[in-house]
Amino acid sequence: EQIASQFASDDVCLLTASPLVKTVTNFKQVSKTLEEFDVEEQPSSVLEEKYPNLKVIQSAVKLLRAKEHLLQAENGQTFHYKKLCICSGARPKLLTQDNPHVLGIRDTDSAQEFQKRLSKAKRIVVIGNGGIALELVYEVEGCEVIWAVKDRAIGNTFFDAGAAQFLIPSLEVDKKERSLPCKRARYTTDKTGAGQSGATGELGSALGPDWHEGIELRGTEQNSSGVHIEYECEVDKIYTQQEFLQSQLDTNKSELGLWPAYVQLTNGKIYGCDFVVSATGVVPNTDPFLSGNNFELAGDHGLRVDDHMRTSEQDVYAAGDVCTAGWEPSALWQQMRLWTQARQMGWYAARCMAADVLEEPIELDFCFELFSHITKFFNYKVVLLGKFNAQGLGQDHELLVRCTKGQEYVKVVLTGGRMVGAVLIGETDLEETFENLILNQMDLSRYGEELLNPNIDIEDYFD
Ligand SMILES: Cc1cc2nc3c(=O)[nH]c(=O)nc-3n(C[C@H](O)[C@H](O)[C@H](O)COP(=O)(O)OP(=O)(O)OC[C@H]3O[C@@H](n4cnc5c(N)ncnc54)[C@H](O)[C@@H]3O)c2cc1C
Ligand SMILES: NC(=O)C1=CN([C@@H]2O[C@H](COP(=O)(O)OP(=O)(O)OC[C@H]3O[C@@H](n4cnc5c(N)ncnc54)[C@H](OP(=O)(O)O)[C@@H]3O)[C@@H](O)[C@H]2O)C=CC1
C-alpha cells in the first residue's frame with residue numbers, strides 16, 4: 001500500500017500464495033510507539049480498487065533470479081522488477097517433521113486441522129512456552145492438556161516468573177466464570193471457509209490476534225479436564241501406539257492406557273495423548289524459492305537486512321517474519337516476530353525503496369527506537385515495553401514490582417536508575433507514562449519504590 005501510494009504512476013505487483021489479502025484496518029497510534037489495529041482478510045479487488053496501479057496476483061513465487069531482476073510464479077508468469085520486497089513470513093519450526101501425530105498452528109488451514117483433531121480428542125500434549133502455547137492452553141475446553149515447558153515458569157518469551165505466577169490462577173478458573181475480553185487488536189479470518197494455502201499447500205499467512213475467536217476449540221469431554229504443567233522438560237521421543245507397545249520401555253504400559261501417540265519427556269514421564277501440538281517457534285520462509293541466490297542469512301535463518309531493509313542482493317528488500325534485523329539496534333529495541341513489527345517493517349521498507357529510487361536520504365524509523373507490543377494473554381491486556389525481560393542486561397539491573405492478585409501486575413526494569421523496560425498486565429493505564437519515562441531516560445533514582453506507589457498518580461508526578 002505504501003509503495004502504491006508513493007509511486008502512483010508506476011506498476012506495483014503483489015504476488016501472493018494466499019487467495020485473500022490481509023489488510024491493516026482501524027490503525028490507531030495509541031502512544032508514541034504503541035499501536036493498535038485490526039487485521040482483515042479481504043478479496044484482492046478491494047486493494048486494487050483503492051490503488052489503481054496495484055495488481056494482486058495470486059500465485060506462489062517458485063523462483064527468484066536476483067541478478068537478473070526476475071521472478072517466476074507457479075502460474076507460469078515471469079516478472080521483471082526494478083525493486084523487490086520479500087515478505088514471505090515464516091513457518092512453524094516443528095519438533096519433528098512429517099509425524100502425523102505432531103501439529104503446528106500457523107494459518108487458517110492448520111488452525112482448522114487442529115480444531116478438527118481436537119473435536120475428537122480427550123488429551124493433547126502442548127510443547128513450547130511462547131505465544132501459541134499460552135493462547136492454546138487457555139482457550140482449549142473439554143480436553144485435558146499436558147503442557148510441557150523447558151523453563152521454570154510459563155510464558156518465558158513474553159514475561160518473567162512473577163508475571164507467570166500472577167497469570168497461573170486464570171488457568172484454574174472455569175471458563176464460564178472468566179471475565180469479558182479486553183480490547184485488543186482484532187484479527188478476522190475468512191468466514192467463507194476458503195483455505196489460504198497456495199499450490200504448495202504450505203504457504204498460508206500467519207494467523208494473528210484473536211485467531212481463535214469464532215473457532216470452537218473443544219475436545220470430547222463434557223467438563224474441562226484442566227491443564228497439567230510439566231516444568232523444566234523437553235520431548236525425548238514421540239511414539240506411535242505400535243512403537244510404544246513394542247518398545248522395551250520400563251513402564252507399566254497398561255496403566256498409561258491406549259492412545260494414538262505417546263510422548264516421553266526428558267524428566268522420564270510418559271503421557272499417552274491423541275496428538276501433540278508443537279508450538280516451538282518459527283523459521284523464516286526462505287526456501288526453496290530463494291535458493292540459487294546470494295542472500296546473507298542470519299543465525300535464525302532470516303534474510304539479513306540492513307537499516308534500509310536491504311538484503312545482500314541488490315534491489316531486494318525484505319520485511320516481516322522472513323527477515324532478521326542486521327543493524328545495530330537501539331538499546332531499547334529487539335526484534336520479535338509479531339504483527340506489529342511486520343506492519344512497521346513493511347511500511348518502512350516501502351519508504352526505503354522509494355528513498356533509494358528518488359536518491360533521497362532516509363533515517364531509521366522512530367518505531368525501532370523502543371520495543372512495544374500490546375496483546376492479550378489469559379484475557380488480560382498485556383503491554384511489553386523495551387527490555388521488558390531485562391534482555392541482555394545481565395545482573396546490571398533492578399526490578400520494581402507491584403501486583404494485585406487477579407487485577408494487575410506491573411514490573412519495571414531499571415538500570416543505573418533509568419527505566420529501560422516494563423511489563424504491564426491488566427488495565428494499568430501506565431503505558432504512556434512508562435513509555436515516556438523509558439524514552440526520555442530520566443534519572444528516577446530519587447523516587448525509589450515510590451515509582452510504583454498505587455496512591456500516587458504517577459501521570460501527574462511526571463507531567
Ligand atoms: C497462531 C498465531 C497467533 C499469532 N498471534 C499474534 C498476536 O496476537 N500478535 C502479534 O503481534 N502477532 C501474532 N502472531 C504473529 C504474526 O501473525 C506474524 O508475526 C505476522 O503474520 C508476520 O507477518 P508477515 O507478513 O511477515 O508473514 P505472514 O503473515 O506469514 O505472511 C506471509 C505471506 O507470504 C506468502 N508467501 C509465502 N511464500 C510465498 C511464495 N513463495 N510466493 C508467494 N507468496 C508467498 C504467504 O502466503 C503469506 O501470505 C501470531 C502468529 C500465529 C501463528
Ligand atoms: N499474542 C501474541 O503476541 C502472539 C504471538 N505469536 C507469535 O507467533 C509466532 C509463533 O508462536 P510460537 O510458536 O508460540 O513461538 P514463540 O517464539 O513465541 O515460542 C516458542 C517457544 O517454544 C520453545 N521451544 C523452542 N524449541 C523447543 C523445543 N525443541 N522443545 C521445547 N520447547 C521449545 C521456545 O523456548 P526458547 O525461547 O527457550 O527457545 C519458546 O518458549 C511467534 O513469532 C510469536 O511471537 C503467537 C501467538 C500469540
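Note that the coordinates shown come from a computational prediction; the quantities given were computed from them, not determined experimentally. Atoms within each ligand, like the ligands themselves, are counted from 1 in listed order.
In the vicinity of G320, heavy-atom distances shorter than 4.0 Å reach the ligand 1 atoms 26 (O). The ligand atoms of ligand 1 that sit less than 4.0 angstrom from a heavy atom of A60 are 42 (N), 43 (C). Taking a cut-off of under 4.0 Å to the non-hydrogen atoms of S18, the atoms of ligand 1 that pass are 46 (C), 47 (O), 48 (C), 49 (O).
Only the side chain of I127 comes within contact range of ligand 2, with a heavy atom under 4.0 Å; no backbone atom does. Of all the heavy atoms of L95, the ones lying under 4.0 Å from any atom of ligand 2 belong exclusively to the side chain. Contact annotation for F289 and ligand 1: only side-chain heavy atoms (C-beta onward) come within less than 4.0 Å of the ligand. If you look at V282 next to ligand 2, the close heavy atoms, those under 4.0 Å, all belong to the side chain. Heavy atoms of C87 found under 4.0 angstrom from ligand 1 belong exclusively to the backbone. Proximity of T375 to ligand 2, defined as any heavy-atom pair under 4.0 Å, is confined to the side chain (atoms from C-beta onward). With a heavy-atom cut-off of 4.0 Å, D321 does not touch ligand 2 at all. Within the 4.0 Å heavy-atom criterion, the part of N156 lying near ligand 2 is the side chain and not the backbone. Of the heavy atoms in R337, both backbone and side-chain atoms come closer than 4.0 Å to ligand 2. Residue-level proximity to ligand 2 for E135 is carried by the side chain, the only part with a heavy atom below 4.0 angstrom. Looking at W339 against ligand 2, nothing comes within 4.0 Å, counting heavy atoms. By the criterion of a heavy-atom distance under 4.0 Å, the side chain of T157, and not its backbone, is placed next to ligand 2.
Nearest-heavy-atom check against atom 15 (C) of ligand 1 across R343, H373, R337 picks out R337. Remark: among candidates S110, S88, G104, the nearest residue to atom 36 (N) of ligand 1 is S88, based on non-hydrogen atoms. Looking at V61, L14, I57, it is V61 that brings a heavy atom closest to atom 40 (C) of ligand 1. For atom 20 (C) of ligand 2, the nearest non-hydrogen atom from the set G281, G131, C233 comes from G281.
Inclusion of K376 in the set of residues having an N or O under 3.5 Å from an N or O of ligand 2 is not warranted. For A342, no nitrogen or oxygen atom sits less than 3.5 Å from a nitrogen or oxygen atom of ligand 1, counting backbone and side chain alike. The shortest N/O to N/O separation between I132 and ligand 1 does not fall below 3.5 Å. Checking only distances, D321 does come within under 3.5 Å of ligand 1, N or O to N or O. Here's the thing with K150: one of its N/O atoms is less than 3.5 angstrom from an N/O atom of ligand 2. When only interatomic distances are considered, the shortest N/O to N/O separation between W339 and ligand 1 falls below 3.5 Å.
Between F377 and Y138, the distance from one ring center to the other does not fall under 6.0 angstrom. Under the 6.0 Å cut-off for aromatic ring centres, Y380 and F166 qualify, their centroids lying closer than that. In this structure, W327 has its ring center closer than 6.0 angstrom to the ring center of F368.
By the side chain to side chain donor-acceptor pair (under 3.5 Å) test, S110 pairs with D107, sequence neighbours left out.
Contact detail for V30 and E432: the closest heavy-atom pair is O-OE1, 4.3 Å. Between V322 and C87, the shortest heavy-atom contact is CG1-CA, 4.2 Å. Across all their heavy atoms, N267 and K269 have their closest contact at OD1-N, 3.0 Å. Among all heavy-atom pairs drawn from V140 and V145, the shortest one is CG1-CG2, 4.0 Å. Of all the heavy atoms in A4 and L54, the pair that sits closest is CB-CB, 4.3 Å. Residue L385 comes nearest to F434 through the heavy atom pair CD1-CB, 4.0 Å, listed as atom of the first residue, atom of the second, then distance.
Of the charged side-chain nitrogens involved, at least one lies within less than 4.0 Å of a carboxylate oxygen, so that E35 and R343 count as a salt-bridged pair.
In this model, a donor atom of one side chain and an acceptor atom of the other lie less than 3.5 Å apart for E435 and T33. In this model, no donor atom of one side chain and acceptor atom of the other lie less than 3.5 Å apart for Q344 and D365.
None of L303, V316, T286, L64 except one satisfies the side-chain contact (heavy atoms from CB on, under 4.5 Å) rule with N293; the exception is L64.
Residue-ligand proximity: M336 is placed with every non-hydrogen atom at 4.0 Å or more from ligand 2. Every heavy atom of R106 sits 4.0 Å or more from the atoms of ligand 2. Residue G131 places every heavy atom at 4.0 Å or more from ligand 1.
Side-chain atoms of R337 never come within 3.5 Å of backbone atoms of V283 as a donor-acceptor pair (strictly under, hydrogens ignored).
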